[in-house]
A.B. asks: 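Following this message is one structure expressed as C-alpha cells.
Per chain, numbering begins at 1; letters A, B, ... match sequence-line order.
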Amino acid sequence: MTSAGNFIKAIESGSKHLVIKRFTFRYPEQKLKFVGDGYQFDPKRGVGIAGYRGRHILFHDKCTGCQLCAIACEGIAEAIGMVKVDESWKHNKKAIMPQIDFGKCVFCGLCVDACPFYALFMTNDYELSAFTKEHLIYTPAQLAIKPKYQGDVEIVIDGRGATHG
Amino acid sequence: MTSLEDKFEESKKLGLQIAKESEDDRLMTLSVGPQHPGSGHFRFIIKVDGDYIVYCDPDPGYVHRGEEKMCEYRNVIQNIPHLERPVIHDSNNITYSYSLAVEELVGIEVPRRAQYIRALASELNRQVYTLYWLAIYGIFLGHSTMFMWPTGDRELLIDLLEVLTGARVTHAYNIPGGVRNDMPDGFKERCLRQVRYLQKRFKEYEDIFYNMPLFRQRTEGVAVLSKEDAIKLGVTGSVVRASGIPYDIRKAEPYDIYNEIDFKVQYMKTGDCFARSYVPFLDMKESCHIIEQLLDKMPQSGEVRAKLQPNPKGPPGEAYRRVESGRGALGYYVVSDGTPKPYRVKISVGSFRNMLALPYLLVGQKMGDMPATYWSLNYWPVEADR
Amino acid sequence: MKKELVSPTTFNVMVSKLSDVLVKALDAPLGYAINWGRIWSLWPVHLETACCSVEFGAASGPRYDVERFGIIEAFGSLRQCDLIVVQGTVTRKMAPRLRMVYDQMPEPKYVIAMGACAITGGLYIDSYNVLPGVDGIVPVDVYVPGCPPRPETLIQGCMLLQEKIKRSKIK
Amino acid sequence: MSANKDEPKKPDTSLLPTPAAKPPATATKATTGTQPAKKEQEAPPFEKGLVEEIKKKFGESIKVVFIKPLRTKIMVEPKDIVAIATFLRDNMGFDHAESVAGTDYPKDGQIEVIYHLGSYTREDLAAHVLALTTRTNRDDALLPTLINVYKSVEYHERETFEMLGVYFEGHPRNDRFLLPEDWADIPPLRKDFRIKGR
Amino acid sequence: MSELIDFLIVSIALVAIGIYGLVVKRNAIRMLFSIEIIANAANLTLVAFSRGLPNAQGQTFALFSIAIAAAEVAVGLGLIIVAYRLYREIDVAEFRSMRG
Amino acid sequence: MASYPQNFRFGEFVGSLIWLIFWVLIIVALVGLPLIFIVLFYVPLPPVGDQVLTPYLFLTSILYPQSAIPVIKTLMGTDLFRVAMFPGFTYAALIAAVTIFIERKFLAKMQLRVGPLYAGKIEGILQLIADGLKLISKEIIVPSGADKLMFWAAPIAFVSTAAAVVALIPAAPGYVVADVDVGLLAVFAILGFFPLIALLFSWASNSKYPFIGGLRALHQMIAFEIPFILSALSVVILSGTLNLTGIVDSQLQSYWFIFFLPISAFVFYISSLAELERIPFDLPEAESEIVAGWLTETSGMIYGLLQLGSYVKTYALAALFVILFLGGWAGPMVFPAEIHTPIVNISPIYDQEAANGSLWFTLKTFGVIMLMLLPRGISPRIRMDILLHTGWYKLIVLAFINIFVALALIYGGILGPGGLLVR
Amino acid sequence: MAGETAADFAPILYMLGFGLLASVPALILSRLVSPRRRYNPVKFLPMECGQMPTGEGRSHFMMQYYAYILMFVVFDVMSIFLYAWGTALFNIPRAATLPIIGFLGIMFAAMGYALYLAGRKGIW
Amino acid sequence: MADPVFIAVAVLTVGAAIIALEARELIYGAVALAVSMLGIAGFFLLLDAPFVAVFQIAVYVGAVAVLIIFTVMLVRTQALFTTKEDKKRKGAGIALMLIIMASFGALLLASGLNGQFGSFGDSATVDFTEIGELMLTYYAPALILMGLTLAGAVIAALALARREDVEQQHERAD
Ligand code: SF4
Ligand code: SF4
Ligand code: SF4
C-alpha cells in the first residue's frame, strides 16, 4: 500500500511541475547578468575583485611589455605570446604586447594576477566560437576592444519556482 | 560467512563452470564504453551469461592525462588550474587539499575569513558535484526527469559559485594562502535564498526518485557491499558510509574551521545500491545546514589571502593532506625538494579507490543492475585516470 | 529534315536538357528543405572524452536546454547521430576510438571541438598522453573555446554550425 | 546465485549491534576537540606510542622518518614489508591503504614506494595516516606485493608498476592499466622521462 | 468458385511435402517443420469439411488440433534443446551414432 | 564564412519554388492536359450521385466547388478513403506525429524546460518535420555481415503491421477500415507479429547490442501478451462480442466498462505500456545498458520508419483502450444537426454523428496517450526479472480476478442481456 | 456464399499494402537524396562502443528466461481458448461454466508449477 | 470471386512450405514456415472460419514461430549449414511425395466428394460463437483433456529444457 501511495505521490509531484514556471534561460535572446565587468586584480592588495572570467582585455596605455603575464601563463597553457605592435608608448620600449590564443587559454585568470600594471583584465565576453583556429588568436589590437555585453537576466525565485526574469 | 574473496572466486567459478560445461557460447563478451551511454569516459569489459554478469574487468585510462607528471614541471601556483581539471564540477575541493598540503609545506597561515570562504565554496561545490552525480544516476536508470531536475537545480549553485569565483565550474579559487578574491556584496542573501529553494526541491526529489517503488526495487538489496568488504577494499566517501562506517574526513580529521561547525555524519547500514545512492543525498541535505552555519559565523571582513611571494617555496619535506570531497577522501601527497616546483605530487582520489569495488560488486548481478551499481560507486572516471 | 529533327543525338540532347531543367528545378527547393531539416535536427553522439562533458550535460539541462534547437541529448546509438561534440581532451588511448566513432557515423556528420583541449591540447599541451587538438584525427567544423566552454558558448558554436550547414551542398 | 543473495544478509545481522557505533561518533568529536591540528607540538605522544609499539615488535628494521601530528612515516626493508604490513593490519588497526605512491630518486638510484595506511575500525586512529615506505633499486625495481595484506592496493600497485616500472612480485596482474595499449616508452613518472618542451 | 475438392488438393500437397521432409531431412528442426506442415494440412481438411457440411464441429476440432500442435512444438523444441546440449548437434543421424 | 557560396535565404527558397511550379505548370499544360483529356474521353466514368461524371463536370467543379461535393461524397464512401484517410493511415500518422510533438513538449514542461522552440518559429511545431527531413537525407548503413533482406524488410514490415492494427480500429460510428467479427482477437493476432519482427531485425543486424535488445523485446512482449489478452477478455464477457464496434455499442447501451472493470483497465494500460516499449518498460532500448537496444544499428530512414511504426502502434493501443474501456466515441453531442458554411454547402457530406464521434474519440485517445506519456516523466526503467515477475505473477492474477468480476456481473444479472444497468 | 469473411478481412490487407506504399518510397527517396560514402570499411563494422568488434554478434542467449517462452506458447493458446468461451457466454447454460472452471483449474496448477520452475535460479 | 485469391493463397502456402524445408538458412525456413501458416489462415478465412483463422495466426505466428525462431537462433552452429543429405535419398523422397500426391488425388477424385457437397454454394456460414457452445457443452470432456494435455506439455517442456546437472550442484550449495 505504501508503494501505491508513493506512486501517487510521484505522479502528483511530476504533474505539479506542469504548472510550475519553466527554468529555461533563452540564450540567444536573453543574456545573463554578471557581477561587475569581469575579473580584475589589485596587485597592491594582492587579491582579486570578483567578476566573470571571460575574454581578456588589454589596456595598451598601461602595458609595459614586461612579459610577466606570458611567464605566468607558460606554466599553464602557453596561451600568451608576446608580439610586436606598431605603437609607441613611453613605458613600452620594446613595443611588445601579449597576444592570446583562446584555443589554448583556460580562463584561469592567473595572468591577470601576474600583471603588476593594471593592464590585463578579464571581461564578461564569452561568445568566442569560430570556424577556424586562426580566428581564435586575438592580437593585442583585438584584445584592446572593450566588448559590449549587455546582460540583464538573473535567477528569480518566487512561489512558483525559479525562473530567469 | 563468505568473505569477499570467496564470493568473487565463487562467482568466477560459476562463470568458468558454465563455460566449461560445453556451452561456452552462452557467454558473451560485451565492452561497455567508451562510447556507451552507460559508461562515459570509461570502459569495462563484461561477460554475460544470459542476463547475469559473470566477469568484469575495468579498463580505465581513457582520460589519463598525466597530471602527476605535469605537476613536476610547474610552479606551485601554476599547478592549480590543471589540478582541478580531473573533477571540474568539484574543483574547489580538489584544490582545497592541494592548498592545504602546500600550506603545510611552505608554512603559511591562512586568514580566518579565507578559511570560512573556502569551506563555503567547498560545501557549495560538493553539492554541485552530488547533484550532477544524481542527475547521471537518474539517466542511467532511465529516469530522464531525474536527469533534468538536478542539472537544473545545480545551476542555482553554479550561479552562486560563478558570482563568487568568476567561472562556472573551473574556479581556480583556492590558492595556497587563501582564496583569490573576496565575496562580492550581497552574496550572503543570494546564497541563502538559493540554498533554501534547493532545500525545498529536495523533497520533490524524494517523491519522484528515492521513494519511487520502481527505483527502490531496482536498487534495494542490489550489489551489497558489506562492512568488512568495504574496509578490505578501502573504498571511501559515500560508498563506505553506506556500508555502515561513519567515516568523514570533515569529522575524523577536521581541517580549517570544520571543528567549529556542528553537523552529523550521514551513514546507512545496508550497503546496497540504495544506500550508496541515498547517502550523498543525505549529505547534501546536511551540507545545506553547514552552509547556513558558515554564512552565520563568518567574520564580516578581513584578509582573504595571505601575503606570499609569487613562487612560494618551502623547505624540503613532504605532506599528505586530505579533505572530504564529493567522492570521499581526497588526499594530496606532495614532496618538495626546496624548489618552487614540487618534486612529486600524488593525488589519492576517491574514484580510483572506489573503482576497485566495481568488479566485486558486478559479478553475479543482472545486466540491468550494471548502470545502477557502476554509478552508485560514486566514480568519476576522469578523476580516477588523472 | 524530318529525320534530323528526331535523330538520336537531338533526342538525347532534348532529354538531357529536360532532365537538367528538372534537376535544377528540384535541386534548390529540395536542398533548402533538407538543409533546413538538418539545421534543426542535430543529434549529438554520446561520446564523452573528458571533463567538458560536464558542461555538455549542463547545456542539455533545463537551464540551457539545447533541445530548443532540436539537439536531443541521450541518444543511444551513434548510427542515428549527426553531430559529434568532442568534449575535451583526447588522449592517445581515446584517439583511435574517437576516429572509429566518427567513421561509423552515417554520412552527413559534423564535428564540434569543444574546449581548449580538443582545439589545441589546452592545459595538456605538454602532456605525454594527450593529442594536441583533434583536427588531426577528425575534420572539425566549429571550434568552441573555453575550459570548459560556457553552455552559451557551445550554443553559439551550434548556431555557427547551423550557419555552415545552411550554406553547404546536400550531397 | 542464491548463495550470493543470502550472503549479504548475514553481515547485516552481525552489524545490528553497531548502534554502538553512535557513541563512538560523538567520541570522535571529543578526540578531535582534544587534538585540533595545532602544529607546534613536538612528537605528539599518541603518535609516538604507535611507533613505539611497532618498534617493540620489529626493532631495528624500522626506520622512523618523521613523527608529525596525525602523520607518521616509517621506512622498512623490502623483505620485511609483508610481515610489518600484516602486523599493522592485525594488531594496530590500519585496515586499508589510501594510496600507494612511488617516487623516483635518480640521485640515490632508488625508487621509494609509499603506502598511506588509514583505519576505519579504530576510532582513535581515524585521523591518522601511517606512511609505510620502502625503497628499491631503480634498475631492477622489484618489490613484494602487499595485495594479500591489503586488498585495496590492487589497482594502486598496478598503477605504480605502470607509472614507475616497479614490479610487484606476487601481484596477479602487473600489466597495462591507464596508459594506452601501445605505450612503448619508459614508465612516465620516472625522472628521466622528459615531457615535450620542458 | 473454389470448391471443397480444391482445398483437399492443397491439403494433400501439404501432406506430401511434409512427408517428403520427414523422409529426407535429417535436421531435427526441419523435421519439426514437416510435422507442423502435416498438422496444418489436417486442420485445413477439418475446416474445409466443416464448411462443406455446415456445422461447427470441424472448427472446434481444428481449434483443439492447433492447440495440441502448439503444445507439441513446445515439447519438441524442449527435446531439441536437450539433444543439442548433449550432442552439440541437431542432426538426427548424429544423435543415433552418438548414442551410448 | 565567405567561402560558402550557396545562399540560404527564405526568399531564394520561395523563388526556386515558384520556378518549380512554373515548370510543372508548363509541362502539365503541354503534356498532361491533352493526355488527361484523351483518357477522360475514352474511359467510361462511373456515375456520381445522379450525374455521370464527365470531364466537364470535373472541370466545372473547379469553378463551382458545390458540384464537387457529390464526388467527394462518393469518394468518402470508398474503401480507398478509409484506408488512406480517415480511420486509416493518414489519421493514424497524423496522430502519431502530434503525439511525438506533445511528448516532447509535455516532457519538457515536466522537466522545467521548454523543449523544441525555434524550428518553425512558433514553439517549434515544425520540429518533427525537421527531424523527418533530416532522417530522409541521412545515409543508411547496413552493417557488414548483416542479413540484407531482413534488414531492409523489417522496418517496412513494422510500419505495415502497425498500419494493419490501425485498420481494425473504428474511429467513429461506421468509420472503420475492416469491420470484422473477430476484431479484438485479430488485433491480438496482429500484435503478435511485433516480437517476431523485433527478433528477426535484431538477428539480422549481426551485432551484439541489437541482439540482446531483440531478445529483451521478445521476452517483454510475451510476458505481457497474456495479461493483455486476458484483461480484454473481461470486456468480451461483458459485451458478448468480439467486434470492436459491437463493444462500443454495448457500452453505449450501459456504462463505460472502466467503471465495472477498473483492474482490467489497469492491467491493460500497464501491458500496453510494455507492448509499446515505453518507459518504464523500455528495456529493449535501455541506453545505459545496451546502447540503443534493438535499434542500435538502425540509421537514417530505417530508424525513422521504426519510430513512425511505434508511434502508430501507440495510437492503435490507446484507441483500443478507449474502445474497450472508455466507451469509444460516446460523448455529449456538440455539433449542430445542420451546418451552414458560406461559400460551399457541405451538408451532403456532413454527418453529425460521425463528426461528433470522431471528435470525442480523438479527444479520449489523446487523453490516454497523455496517460501513457506520463510515466516517462516520473519513473525509472524497470529491470528484466522484475518485469517478468510483474507480467507473469501479478498481472495475470489481476486479470483473472477481473474475469471473475465480469462473470459475477453477468450471472448476477447486473449486465449482459436484460441486466439491471442496461439502458 | 463462401468467402464473405475473407472479403471482410480484405481491408486489412489494403491497409498493409498502404503501409508498404508509405514506407517503401520513403526508403527509396532516402536512398536517392542521402549522401553515400562507401570507401571506409570501418563504417560497416558492427557498432561496439567505438571498439573493434570482437566475437560473434549473434551469440547471446538469455537461457535464464527460456522457460518463459516455452510457457508463453502454451498459455497463449489457453488465453485465446478462453475467448471462445467468452463470446459464447450468453448462449450457453450456466452449468457450462463448470468445464471452463475445471480447465482453468488445471491450467492454474500447471502455471503455478511452471512459474515455480521458471523462477528457480541456476537451473536454466 | 474467390478463385484467383484461392490460387494466390494456395501458391503462397505450398511455396512457403517448400521453402521452409529447402531454404539454406534455417532461419529463413522458420520465417517461411510462419508464412505458410499465414497461408493456411487465409484458407480458413476463405472457408468462413474467421475465429479459427485468427486463432491460427495468434498461435502459430505469435507463439510457435517465435519459439521456433528463438530455438533456431539458440542452436545455430556450423551444424546447421552442413546439410547431410544424399542425392539418392532426396530423389526417393520426391518420388514418395509424388506417389502420395497422385494416389490421394486419385482417391479424392474417385470418392465422389465432388458431387455430394461439392461447391459450398449457398450453404449458410457457421457463426463462431457456436464453437464456444460446442466446446463447453458437447465437447466439455475434450476441453478438460485439452487442459491436461497443455498442462502436461508445459511441464514436460520445462522439465526437458532445464539443466539438471547444475541444479544438483546448487541444491548441495544450499
Ligand atoms: S587566463 Fe590563464 S590560460 Fe588564459 S592566458 Fe591567462 S594565464 Fe593563460
Ligand atoms: S599585460 Fe601586464 S604583465 Fe603582460 S606584458 Fe603587459 S604589463 Fe606586463
Ligand atoms: S578544455 Fe578544460 S574542461 Fe574541457 S576537457 Fe580540457 S581541461 Fe577539461
A.B. asks: Identify which part of A:Ile11 has an atom lying under 4.5 Å from any heavy atom of chain B, answering side chain, backbone, both or neither.
C.D. replies: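 It is neither, since no heavy atom gets under 4.5 Å.
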A.B. asks: Can you confirm whether more than 12 heavy atoms, excluding those of A:Lys9, are under 6.0 Å from its NZ atom?
C.D. replies: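 12 or below, so no.
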A.B. asks: Could you measure the distance from the CD atom of A:Gln40 to the CG atom of B:Asn181? Nearest 0.5 Å is fine.
C.D. replies: 11.0 Å
A.B. asks: Look at atom NZ of A:Lys33 and say whether more than 12 heavy atoms of other residues, nucleotides or ligands are closer to it than 6.0 Å.
C.D. replies: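 Counting neighbours around NZ of A:Lys33, 12 or fewer heavy atoms of other residues, nucleotides or ligands fall under 6.0 Å, so no.
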A.B. asks: How close do B:Glu155 and A:Ile155 get, heavy atom to heavy atom, and via which atoms?
C.D. replies: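 Scanning both residues completely, I find the closest heavy atoms to be O-CD1, 4.4 Å.
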A.B. asks: Is any residue of residues 80-94 of chain B within less than 4.5 Å of chain A by heavy atoms, and which ones?
C.D. replies: B:Pro81, B:Arg85
A.B. asks: Assess whether atom CG of A:Asp158 is packed by more than 12 heavy atoms of other residues, nucleotides or ligands within 6.0 Å.
C.D. replies: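 Counting other residues, nucleotides and ligands, CG of A:Asp158 exceeds 12 neighbours.
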A.B. asks: Can you name the residues that form a ring-ring contact (aromatic ring centres under 6.0 Å, His included) with A:Phe102, not counting sequence neighbours?
C.D. replies: A:His56, A:Phe107, A:Tyr138
A.B. asks: Give, as side chain, backbone, both or neither, the part of A:Leu110 having an atom under 4.5 angstrom from any heavy atom of chain B.
C.D. replies: both
A.B. asks: Which heavy-atom pair separates B:Asp182 from A:Ala50 by the least distance, and what is that distance?
C.D. replies: O-CB, 4.0 Å
A.B. asks: Identify the two heavy atoms, one from B:Glu204 and one from A:Lys16, that lie closest to each other, and give their separation to 0.1 Å.
C.D. replies: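 Closest approach of B:Glu204 to A:Lys16: OE2-NZ, 3.4 Å.
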A.B. asks: Tell me, for A:Asp113 versus chain B, whether the close heavy atoms (under 4.5 Å) come from the side chain, the backbone, both or neither.
C.D. replies: side chain
A.B. asks: Going from OG1 on B:Thr151 to CZ on A:Phe23, what distance comes out if it is rounded to the nearest 0.5 angstrom?
C.D. replies: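 Those atoms lie 10.5 Å apart.
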A.B. asks: Check each atom of A:Glu12 against the heavy atoms of chain B and say whether the ones under 4.5 Å are side chain, backbone, both or neither.
C.D. replies: neither
A.B. asks: Side chain, backbone, both or neither: which part of A:Ile8 has a heavy atom under 4.5 Å from chain B?
C.D. replies: neither
A.B. asks: State the CD-CG distance between B:Glu162 and A:Leu32, to the nearest 0.5 angstrom.
C.D. replies: 6.0 Å
A.B. asks: Check each atom of B:Asn75 against the heavy atoms of chain A and say whether the ones under 4.5 Å are side chain, backbone, both or neither.
C.D. replies: neither
A.B. asks: Does B:Arg180 reach the main-chain N or O of A:Gly109 with its side chain, forming a donor-acceptor pair under 3.5 Å?
C.D. replies: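 Pair found, side chain donor or acceptor close to backbone of A:Gly109.
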A.B. asks: Looking at B:Gln78 and A:Cys73, would you say the former's side chain and the latter's main chain have a donor-acceptor pair under 3.5 Å?
C.D. replies: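 No, because the side chain of B:Gln78 does not come within donor-acceptor range (under 3.5 Å) of the backbone of A:Cys73.
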A.B. asks: Is it the side chain or the backbone of B:Arg216 that comes within 4.5 Å of chain A heavy atoms, both, or neither?
C.D. replies: neither
A.B. asks: Pick one of side chain, backbone, both or neither for A:Phe41, based on which atoms fall under 4.5 Å of a heavy atom in chain B.
C.D. replies: side chain
